[in-house]
There are 2 protein chains.
Amino acid sequence: MRIGDAAAAIGATPRALRFYEQRGLLSPPRRTRSGQRDYTAEDLAVLRGIRYLLGLGLTVEDLAGLADRLPLLAARPPGPCRPDEPGEPAIIGTTVVRRRIAALDAEIERLTRLRDALREGLAPIPAGEPSPAAGVSPPRRR
Amino acid sequence: MRIGDAAAAIGATPRALRFYEQRGLLSPPRRTRSGQRDYTAEDLAVLRGIRYLLGLGLTVEDLAGLADRLPLLAARPPGPCRPDEPGEPAIIGTTVVRRRIAALDAEIERLTRLRDALREGLAPIPAGEPSPAAGVSPPRRR
DNA sequence: CTTGCCCCTGACCCGCGGGTCAGGGATTAG
DNA sequence: CTAATCCCTGACCCGCGGGTCAGGGGCAAG
């Protein structure tokens with residue numbers, strides 16, 4: 001299956017598939033004699049898993065760190081993950097996922113505070129220099 | 001007052017001050033004969049207002065749309081804003097602020113759903129193409 | 001006069017998940 | 001054979017709030 005059809009099958013674009021490959025989320029698919037990418041059904045399953053996890057809020061970088069487990073996840077019989085089972089792909093419960101949840105929590109709290117401050121109305125503008133940690137610019141990770 | 005001192009006084013950088021000026025948040029300050037920017041106390045007050053509102057979550061673009069009201073806000077005696085008073089700078093209660101609050105609400109809800117899905121554990125990967133509206137990529141405004 | 005710090009403008013850089021183009025080759029239908 | 005459609009790589013683009021550099025001028029102290 002060539003890249004255009006594969007992309008359409010999972011609801012993505014050819015560009016996205018090449019991008020995932022470049023970032024190491026997906027092992028490079030076979031090529032035809034003329035150099036065109038040829039995706040197998042297993043590749044499609046892995047790609048669906050990638051899209052699913054991205055949709056859950058994980059980043060491309062997160063998934064690059066889990067790349068070796070992604071085929072296992074895709075091959076696993078459907079059903080909720082049991083992180084404590086040995087042999088589970090253990091995507092959930094990994095450090096990456098816990099960190100992402102913590103990051104989401106922090107971001108949610110930050111936005112909630114902002115919204116409340118804005119809703120509260122305009123308090124007097126503090127005279128001194130605003131605390132630099134007040135974060136006028138969004139958090140630059142790493 | 002030259003730009004370095006002005007920036008230090010409000011807890012920003014010279015670059016940020018030039019940036020606000022370029023984006024129309026701040027009316028261009030006077031220049032010395034040699035072309036250096038010279039900030040007055042009123043300029044500093046407006047700048048503090050800008051930093052404060054940015055810290056509340058408004059964007060530079062939002063403030064550019066309110067630029068004419070910012071000096072009024074800075075000159076106003078301190079105290080909470082009463083949006084219904086005539087003559088108030090009426091920053092709060094303007095369309096811009098309501099839109100920003102709505103945007104924050106939407107973003108908070110989106111992140112909350114993501115976090116819950118991630119916390120929930122790994123549901124089976126849906127077989128079909130993931131709904132393209134599921135927003136694997138963050139919302140591209142406008 | 002020199003040294004050292006400040007200021008000027010213009011231009012490119014960041015993260016993130018790709019979109020979009022440019023220039024060239026492959027595949028397929030008619 | 002030709003035309004249409006696909007695919008390849010490499011490079012630049014987006015928003016956002018500035019950071020950082022490059023190359024040149026200003027200004028005060030010693």
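The shown structure was predicted, so the numbers you read here are calculated from the model rather than taken from an experiment. We name chains A, B, ... by the order of the sequence lines, and we start the count at 1 in each one.
Within the nucleic acid shown, A:Thr59 comes within 4.0 Å of sugar-phosphate atoms alone, with no base atom in reach, counting heavy atoms only. Residue contacts for B:Arg33: at a heavy-atom cut-off of 4.0 Å it reaches no nucleic acid atom on any strand shown. Among the heavy atoms of the strands lying under 4.0 Å from B:Arg18 is at least one base atom, whether or not backbone atoms are also near.
In the set C:dC16, D:dG19, C:dT27, the nucleotide with an atom closest to the side chain of A:Gln36 is C:dT27. Residue B:Arg51 places its side chain closer to D:dG18 than to any other of D:dG18, C:dG18, C:dC8. Here the side chain of B:Tyr20 is nearest to one of D:dG18, C:dG18, D:dC16, namely D:dG18. For B:Ser34, the side-chain atoms get nearest to D:dG26 when compared with the rest of D:dT9, D:dG26, C:dA26. Distance from the side chain of B:Val60 is smallest to D:dG17 among D:dG17, D:dG25, C:dT9.
One can place CD of A:Glu21 at 18 Å from P of C:dG17, the figure rounded to the nearest angstrom. The CG atom of B:Leu111 sits 15 Å away from the P atom of C:dC16 (whole-angstrom rounding). Remark: P of D:dT5 and CG of A:Asp5 are 15 Å apart, rounded to the nearest angstrom. When rounded to the nearest whole Å, the span between CD of A:Gln22 and P of C:dG17 equals 13 Å. Rounded to an integer number of Å, the gap from CG of B:Asp38 to C1' of C:dC8 is 15 Å. If you take CE of B:Met1 and P of C:dC7, they are 11 Å apart, rounded to a whole angstrom. Here the C1' atom of nucleotide C:dC16 and the CG atom of B:Leu114 are 15 Å apart, to the nearest Å. Atom CZ of B:Phe19 and atom C1' of C:dC14 are 14 Å apart (whole Å).
The heavy-atom pair separating B:Leu63 from B:Leu70 by the smallest distance is O-CD1, 4.2 Å. Closest of all the heavy-atom pairs between B:Pro14 and B:Ala7 is N-CB, 3.5 Å.
Between A:Glu107 and A:Arg110, at least one side-chain N (NZ, or NE/NH1/NH2) sits under 4.0 Å from a carboxylate O, which counts as a salt bridge.
Contact annotation: B:Arg37 side-chain N/O to C:dT9 OP1/OP2 distance is under 4.0 Å. Contact between the side-chain N/O atoms of B:Arg15 and the OP1/OP2 oxygens of C:dG10 is not found at any separation under 4.0 Å. Phosphate proximity of C:dG19 to A:Thr13: present, with a side-chain N or O under 4.0 Å from OP1 or OP2.
To the nearest 0.5 Å, atom CD of residue A:Glu109 and atom CD1 of residue B:Ile108 are 11.0 Å apart.
Side-chain atoms of A:Asp62 never come within 3.5 Å of backbone atoms of A:Val96 as a donor-acceptor pair (strictly under, hydrogens ignored).
No donor-acceptor contact under 3.5 Å links the side chain of A:Arg2 to the base of C:dT27.
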Point to revise | Working for salt bridge (charged side-chain N to carboxylate O under 4.0 Å, His left out), residues B:Arg23 and B:Glu61 | key: CA-CA 8 Å; B:Arg23 296 300 176 95; B:Glu61 197 183 357; over 6 Å; no
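Ranked by how close their nearest DNA chain C nucleotide is to the 5' end, B:Tyr39 and A:Arg23 are led by B:Tyr39.
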